[in-house]
2 protein chains.
Amino acid sequence: MDAWSALADPTRREIFARLSVRPRSVTDLASELPVSRPAVSQHLKVLKDADLVRVRAEGTRRIYSADPAGLREMRQELEGFWSATLANFKRLVEDGPPAEEDG
Amino acid sequence: MDAWSALADPTRREIFARLSVRPRSVTDLASELPVSRPAVSQHLKVLKDADLVRVRAEGTRRIYSADPAGLREMRQELEGFWSATLANFKRLVEDGPPAEEDG
DNA sequence: TCGATCCGTAAGCGGTAACTTACGGAAGGT
DNA sequence: ACCTTCCGTAAGTTACCGCTTACGGATCGA
């Protein structure tokens with residue numbers, strides 16, 4: 001599952017948002033959310049597979065933190081959409097000529 | 001369905017990517033993609049509900065174009081994730097103090 | 001008016017995502 | 001050694017998503 005699909009789920013996006021503020025354990029996350037601890041574990045696995053989070057062992061606890069790696073690609077692709085959309089939209093409202101195909 | 005879920009689907013993201021370059025009709029899009037025309041129509045409805053695309057009638061054809069509106073919100077949220085993740089990650093690799101809760 | 005083209009939607013199907021409960025392993029304290 | 005806490009995974013259920021085919025409305029040309 002890619003980063004787009006990983007962050008599409010509201011619960012997973014909420015988990016990632018919290019981890020982007022500061023690292024937390026699985027139990028801590030579960031206590032803050034309206035889902036069970038196993039559900040959080042499963043969400044974290046998805047986020048980890050998408051390189052959106054990292055894990056660090058601390059005794060029996062697993063401390064998860066946000067990882068820039070997975071987010072970087074996604075951000076770049078979205079920035080591409082953004083600039084292309086703005087340029088295209090600008091031509092439309094200015095009633096300008098249609099765009100040439102370049103991608 | 002919000003913009004995150006709308007762009008999570010690969011086919012829908014491909015449609016949006018093409019529309020961000022230049023507007024196209026439903027049939028044109030379908031001819032470029034490995035799915036049927038009704039499927040494209042359904043995808044466009046999702047994108048439209050998320051304010052990611054607009055429609056303009058041109059005879060019997062419906063010309064769809066990328067709309068900055070829906071993308072703006074999503075982009076801002078992702079930029080928030082990005083800066084928070086970077087800041088948090090920086091503290092971690094510097095072995096600095098844990099972050100305070102501020103949202 | 002008749003046919004062709006463009007399009008949206010309903011109906012139905014197969015796949016899978018998200019959640020729960022149940023279980024078992026690993027580490028720490030006493 | 002024993003109990004507790006923390007965690008991941010398997011199994012099963014429910015619900016939704018994406019796709020197809022089929023159908024009907026709308027517009028244009030002859």
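Below, each value reflects all heavy atoms present in this structure, side chains not excepted, and no hydrogens, waters or symmetry copies. All chains are named by letter (A, B, ...) in the order of the sequence lines, taking the proteins before the strands, and each is independently numbered beginning at 1.
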**Request:** Mark yes or no for whether A:R37, through its side chain, and A:T27, through its backbone, hold a donor-acceptor pair below 3.5 Å.
**Result:** no

**Under 3.5 Å: donor-acceptor pair, side chain of B:S5, backbone of B:D2** = no

**Complete:** In whole angstroms, the gap separating C1' of C:dC7 from CG of B:D28 amounts to 13 Å

**Asked** Could you give the CZ-to-P distance, from A:R24 to D:dC7, as a whole number of Å?
**Response** 14 Å

**Message:** Looking at A:S36, I'd like to know whether one of its side-chain N or O atoms comes within less than 4.0 Å of OP1 or OP2 on C:dT20.
**Reply:** yes

**Request:** Among the candidates C:dC19, D:dT27, C:dC7, find the nucleotide nearest to the side-chain atoms of B:R61.
**Result:** C:dC7

**B:Y64 backbone acceptor or donor facing B:R54 side chain under 3.5 Å** = no

**Prompt:** Is a side-chain N or O of B:R12 found less than 3.5 angstrom from the main chain of B:H43, in a donor-acceptor match?
**Reply:** no

**Prompt:** Touch check for B:T11, heavy atoms < 4.0 angstrom, all strands: base, sugar-phosphate only, or nothing?
**Reply:** sugar-phosphate

**Item:** Whole angstrom value for the distance that separates C1' of C:dA18 from CG of A:L7
**Value:** 16 Å

**Request:** Let me have a per-nucleotide readout for nucleotides 8-16 of chain C, 5' to 3', with B, S or -, counting only protein heavy atoms under 4.0 Å.
**Result:** BBB------

**Request:** Indicate yes or no for a side-chain donor-acceptor contact from A:T85 to the backbone of A:W82 under 3.5 Å, with no hydrogens or angles considered.
**Result:** no

**Prompt:** Within this structure, what is the CZ-to-C1' distance between A:R56 and C:dA27, rounded to whole angstrom?
**Reply:** 17 Å

**Request:** Nearest whole angstrom, please: distance from the C1' of D:dC16 to the CG of B:D9.
**Result:** 13 Å

**Asked** Between C:dC6 atom C1' and B:E58 atom CD, what is the distance in whole Å?
**Response** 12 Å

**Euclidean distance, atom CD1 of residue B:I63 to atom P of D:dT27 [Å, nearest integer]** = 15 Å

**Distance in angstrom units between A:D2 CG and C:dA17 C1', rounded** = 14 Å

**Item:** D:dC7 phosphate, OP1 or OP2, under 4.0 Å from A:T27 side-chain N/O
**Value:** yes

**Prompt:** What is the ring orientation for A:F81 with A:W4, classed by angle as parallel under 30°, tilted 30 to 60°, or perpendicular over 60°?
**Reply:** tilted

**Prompt:** Counting distance only, does the side-chain N/O of A:R62 pair as donor-acceptor with the main-chain N or O of A:A57 below 3.5 Å?
**Reply:** no

